[in-house]
There are 2 protein chains.
Amino acid sequence: MDAQATRDGILNAAELLFGDHGFPGASLRQITDKAGVNLAAVNYHFRSKEDLYRQVLFRRLRPVNAERLTLLTQAAQLAGDQPVPLRAVLDTFIRPLLRRADDPASGGIPFLRLLSRDLLDPPPFLSEELVREFEPLMTRYTHAFSQALPGLPPLELFWRMQFALGAQLYVAARQQDFARRSRSLGPTDSGEGCIRHLVDFCAAGLGSPPLTAA
Amino acid sequence: MDAQATRDGILNAAELLFGDHGFPGASLRQITDKAGVNLAAVNYHFRSKEDLYRQVLFRRLRPVNAERLTLLTQAAQLAGDQPVPLRAVLDTFIRPLLRRADDPASGGIPFLRLLSRDLLDPPPFLSEELVREFEPLMTRYTHAFSQALPGLPPLELFWRMQFALGAQLYVAARQQDFARRSRSLGPTDSGEGCIRHLVDFCAAGLGSPPLTAA
DNA sequence: GTCTATATGGGGATAGAC
DNA sequence: GTCTATCCCCATATAGAC
C-alpha cells in the first residue's frame, strides 16, 4: 500500500514544477519523471491536470488560512473586550504565509510563488474556489481592521487592505531573490526581517489618517 | 506596404492573448487567428514566440519608464535645491503605470496584467532584460527617496520600496476586478481613486520612523 | 495500483509556391 | 510579404495487460 507515497510524490514534484513554470508551462511528463512514477499515475490518482493543480495549491493554502484564523482568535482572546491592536492583526495575517519561506516541509518558496501568482491573477478554473477559500478570512479581517481603526471609511479600508495584500504577495513571490541578495546587502535576514518590516510598513499605511471624512 | 499593419495587428492580438493566458498559455495559432493574419507571419516579422513576447512587453513598458523619469526630472526642477517631497516622488512612479488602466491605446488592462506577472515572477528568458530596463530607474528612485527620507537606513529603504512596488503591481493586475466591483462598492473611481489612495498608503509606509537606528 | 502502449490533438517552426 | 502545406515534437488522456 504505497498508493499514498505515489500521491505525495506526485504532489511534491508538481509543486516544484508548477512553482517554476506555472500551470500551462509544466507538463505531466516532467512531473511524473521527477516524481519517479509512471505518467498514467496522475490520471489515476487525480482526475486531470487541473485537479492535480488544485490539490497542490490547497494542500498548502488551507493550513495557512487556518493558522491565520487561529492566531487572530488567540489575539482577540488576549485583547479581551478591547480591539486587537493593528500590528497584532497584521502579524497574524502576514506571518503564517511568509514564514513558509524557511519551511520547505510546508511548501517553501515554490508554494509561495505559486500562490502569489494565483492571487495576483487567478486562472479561470480556480477563481471561484479561491474566492470561497478566502471569503471567511476576509470577513473576519475586515472586521478586525475596522475595530482597530475606528473612523476609517470602508472604502478606504478596502483599498488599504488590497495594498497590504499586494505588498505581502510580492515579497512572498520574491523570497528567493531576496535570500540571494541578502548575502550582498548585509544581514538582511530575509525571513523574520522581512516580516517585521512588512508589518511595520502596513501598520503605517493602514493607520494613517483617512483622506476622506468619516 | 502594410507590413507595419501586419506587425501591429500581431502585437495587439498577442497583447490580449498573452494578457489573458500568459506566455505558455497563448498559442501562436490563437494569436494569428485573432489578428486575422497567417500563422507564418509571426516567424517572419518576429523571430520566434519569445521574441514576439519581448516586443509585446517592451513596446508598452519603455514609454512607462520614460514617463516616470521625465516626471521625476520635472519634479526635481520644481523643487530646486530642496529634495522632491515624498508624495511627489511616489506620484511620478505610480501614476504613469496605473493611468494605463483607462488608456487602451497604451496597452490598457491586458498590459498591466502582463507586466505585473512578469515583475512578480519573471520568466527566465526575460529576467536579465527586465533588470537592465529597470536598473537606471531604480538608481534614480533610490536616490530620490533617500533624499526625501533623510535618516532612513538603506536596508529599510530597500524593503519599503519593494513593498510599495508590490502594492502597485497587485492593484495594477486587478484593475479589471476593481472596475467591476466599483459599481457595487459605491463611487470607487478605480482609476484616479486608486492612484491617490496608493500614493497615500505608500507615503505613510515609507515615511514612518525607522525601526533601526540610523 | 502500476505499467506499456497508444489514441488524438495541438504546439512551434519552416520550405517553397505565389 | 504573404500564403499553404507540412515537419516533427509534445501535450493530455485512456485502454488494457500485468
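Across A:Pro96 and A:Arg68, no two heavy atoms sit closer than the pair CG-CG, 3.7 Å.
The side chain to side chain contact (heavy atoms under 4.5 Å, CB included) test with A:Ile10 is passed by exactly one of A:Ile31, A:Val56, A:Leu28: A:Ile31.
The number of heavy-atom neighbours closer than 6.0 Å to CZ of A:Arg196, taken from other residues, nucleotides and ligands shown, is 12 or below.
Regarding contacts with the backbone of D:dT2, a side-chain N or O of B:Thr6 is found under 4.0 angstrom from either OP1 or OP2. For the pair A:Ser27 and D:dC10, the criterion of a side-chain N or O lying under 4.0 Å from OP1 or OP2 is not met.
Note: CG (B:Asp51) to P (C:dT14) measures 12 Å, nearest angstrom. Taking atom CD1 on B:Ile31 and atom P on C:dG10, their separation rounds to 16 Å, with Å as the unit. We find that CZ of A:Phe46 is positioned 14 Å from C1' of C:dG1, with the value rounded to whole Å. Between the CG atom of A:Leu52 and the C1' atom of D:dA11 there is a distance of 15 Å, given to the nearest Å. Regarding B:Asp33, its CG atom lies at a distance of 14 Å from the C1' atom of D:dC3, rounded to whole Å. At whole-Å resolution of the value, NE2 in A:His21 and P in D:dC10 are 15 Å apart.
Residues B:Tyr170 and A:Phe163 place their aromatic rings such that the two centres sit no closer than 6.0 Å. Ring to ring, B:Phe158 and A:Phe178 are close: their centroids are under 6.0 angstrom apart. The aromatic ring centres of A:Phe23 and A:Phe125 sit less than 6.0 Å apart.
Residues satisfying the ring-ring contact (aromatic ring centres under 6.0 Å, His included) criterion with B:Phe111, sequence neighbours excluded, are absent altogether.
Contacts between residues 121-128 of chain B and DNA chain C, defined by a heavy-atom separation below 4.0 Å, involve no residue at all.
Side-chain contact check for B:Arg99 and B:Ser106: no donor-acceptor pair (N or O, by modelled atom type) lies under 3.5 Å.
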Legend entry - Under 4.0 Å protein heavy-atom contacts per nucleotide of nucleotides 13-18 of chain D, with B for base, S for backbone only and - for none: BB----
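Remark: A:Arg160 fails to qualify as a cation-pi partner of B:Phe201 under the 6.0 Å distance and 45° angle criteria applied to the six-membered ring.
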